[in-house]
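Following: one structure in structure tokens, then a few remarks.
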Amino acid sequence: MRTAGSRAALSSLVAGLASVATLPVAVYLTRFSGSYELLHAGFAIPVAAGFGIAALLLAQRARRQAALSLVAPGGRSRAGMAGRLLGIAGLCLAASALVALGVYGLLEYVGSRD
């Protein structure tokens, strides 16, 4: 029987994996589409950030449940910890993609003024 903390930890891990995988998959899929360009992969940034935030919130819930549990007092779940790290990595990827889009937009703006 799974406890609420272990379900939250496993959900955190899945959300963290989805957060990290969203942007590379979006970029990869633009290579095989004639109607979508690489710039269109930017629409996946909020999705990756949403998964990252969900992973962090679920990891926090799992940590809180583990602290209240009599089975593993104060212990951290490895799945919850991995979900937390993957959520942070997914947020970092989303932030770096957002900066890349901003720089691209700035360069396009400066280049069009000539």
Side-chain angles (χ1 to χ4, degrees):
M1 174 192 263
R2 293 199 182 266
T3 64
S6 64
R7 283 193 300 261
L10 195 57
S11 298
S12 172
L13 181 63
V14 170
L17 285 171
S19 175
V20 170
T22 299
L23 287 171
V25 167
V27 169
Y28 181 73
L29 290 178
T30 61
R31 297 191 62 163
F32 300 107
S33 175
S35 59
Y36 294 110
E37 295 179 8
L38 182 60
L39 190 60
H40 292 121
F43 291 115
I45 294 172
V47 175
F51 278 131
I53 291 170
L56 291 177
L57 292 175
L58 287 166
Q60 182 180 10
R61 178 185 294 172
R63 189 173 177 185
R64 192 175 334 120
Q65 290 291 334
L68 294 175
S69 176
L70 293 176
V71 177
R76 284 189 176 180
S77 170
R78 288 181 191 221
M81 194 172 213
R84 181 173 183 265
L85 291 175
L86 287 171
I88 291 170
L91 284 175
C92 289
L93 283 172
S96 65
L98 193 60
V99 168
L101 278 180
V103 169
Y104 175 78
L106 181 67
L107 291 175
E108 282 290 316
Y109 173 73
V110 170
S112 68
R113 290 181 45 186
D114 291 338

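Please read these numbers as outputs of a predicted model, since none were measured by experiment.
- Taken together through direct or relayed side-chain contacts under 4.5 Å among Ile, Leu, Val, Met, Phe, Trp and Tyr, Leu39 and Leu23 form part of one hydrophobic cluster.
- Heavy-atom neighbours of Phe32 CZ from other residues, nucleotides or ligands within 6.0 Å: above the threshold of 12.
- Formation of a donor-acceptor pair under 3.5 Å by the Ser19 side chain with backbone atoms of Ala48 is found in this model.
- Listed here is the closest heavy atom pair of Val20 and Ala89: CG2-CB, 4.1 Å.
- Put simply, the side chain of Ser33 never gets that close to the backbone of Thr30: no donor and acceptor are under 3.5 Å apart.
- The distance from atom OH of Tyr104 to atom CG of Leu38, rounded to the nearest 0.5 Å, is 9.0 Å.
- Rounded to the nearest 0.5 Å, atoms CG (Leu29) and OH (Tyr36) are 10.5 Å apart.
- Atom CG of residue Leu10 and atom CG of residue Leu58 lie 10.0 Å apart, to the nearest 0.5 angstrom.
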Let me check something: any side-chain donor-acceptor pairs from residues 94-103 under 3.5 Å, sequence neighbours excluded? List them with distances.
| from | atom 1 | to | atom 2 | distance (Å) |
| --- | --- | --- | --- | --- |
| Ser96 | OG | Cys92 | O | 3.3 |
| Ser96 | OG | Leu93 | O | 2.9 |

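- Across all non-hydrogen atoms, the minimal contact from Ala55 to Gly16 is CB-N, 3.5 Å.
- Rounded to the nearest 0.5 Å, atoms CZ (Arg84) and CZ (Arg63) are 6.0 Å apart.
- Summarising the geometry, atom CD1 belonging to Ile53 is positioned 12.0 Å from atom CD1 belonging to Ile88; distances are rounded to the nearest 0.5 Å.
- Rounding to the nearest 0.5 angstrom, the gap separating the OG atom in Ser12 from the CG atom in Leu86 is 8.0 Å.
- Nearest heavy atom pair, residue Ala82 against residue Leu13, reads CB-CD1, 3.7 Å.
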